[in-house]
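Source: prediction; values computed, not measured.
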Amino acid sequence: MKHRRSVELAPPHDYAVDMKTQTLTTLPQWFVIHARCRAGRHLTALERRNISRRCGPDLSLAELARRLTCKACGNRSDNLLLLETLPRD
């Protein structure tokens, strides 16, 4: 969608993040990583630096999603990795 002055109002079509190739270091800093448990519906924010220190900075987001374990109920299957963008100033 364009404004009458040809300013883009919607994000481009390639705005989505590729989970297989994107790593913790290549993911832009304006993305906040959240984990959600499908069994207990628990939601928590993940600290990128702690994960990078523990698992390595070249860990892909797809691999991170496979490693997720809910601390509240212990569920390890079908947990979701969610990305949120920080608001712009």
State, to 0.1 Å, how close Asn79 and Leu68 come at their nearest heavy-atom pair, and which atoms those are.
ND2-O, 3.1 Å
Thr23: which residues meet the side chain to side chain donor-acceptor pair (under 3.5 Å) condition with it, sequence neighbours left out?
Thr25, Thr26
Atom pair CG (Leu83) and CZ (Phe31), whose distance is rounded to the nearest 0.5 Å
6.0 Å
Joint cluster assignment, Leu80 & Leu64, ILVMFWY side-chain distance < 4.5 Å:
no
Verdict with supporting geometry, Val32 and Leu82, side chain to side chain contact (heavy atoms under 4.5 Å, CB included):
CA-CA 8 Å; Val32 179; Leu82 307 171; over 6 Å; no
Would you give the length of the straight line joining atom CG of Leu61 to atom CD1 of Ile51, rounded to the nearest 0.5 angstrom?
9.5 Å
According to a 4.5 Å side-chain heavy-atom criterion applied to Ile, Leu, Val, Met, Phe, Trp and Tyr, with indirect links allowed, do Leu43 and Leu46 form part of one hydrophobic cluster?
no
Side chain to side chain contact (heavy atoms under 4.5 Å, CB included) against Ala45, all qualifying residues, sequence neighbours excluded
His34
Please enumerate all residues that pass side chain to side chain contact (heavy atoms under 4.5 Å, CB included) together with Thr69, with sequence neighbours excluded.
Arg76
Looking at residues at least two apart in the chain, or sitting in another chain, which of them share a side chain to side chain contact (heavy atoms under 4.5 Å, CB included) with Asp18?
Lys20, Thr21
Point-to-point distance, once rounded to the nearest 0.5 Å, from CZ of Arg48 to CZ of Arg53:
13.5 Å
Salt bridge (charged side-chain N to carboxylate O under 4.0 Å, His left out) filter on Glu63, not counting sequence neighbours, yields Arg66, Arg67
Closest non-hydrogen contact found for His42 with Cys70 is ND1-SG, 3.4 Å
Establish, from distance only, whether the side-chain atoms of Ser52 and Asn50 form a donor-acceptor pair under 3.5 Å.
no
Who passes side chain to side chain contact (heavy atoms under 4.5 Å, CB included) against Arg41, sequence neighbours left out?
Arg36
Do Pro57 and Leu59 make a side-chain contact, defined as non-hydrogen atoms from C-beta onward lying under 4.5 Å apart?
no
What closest approach, in Å, do Gly56 and Leu24 show between heavy atoms, and which atom pair accounts for it?
O-CD1, 4.0 Å
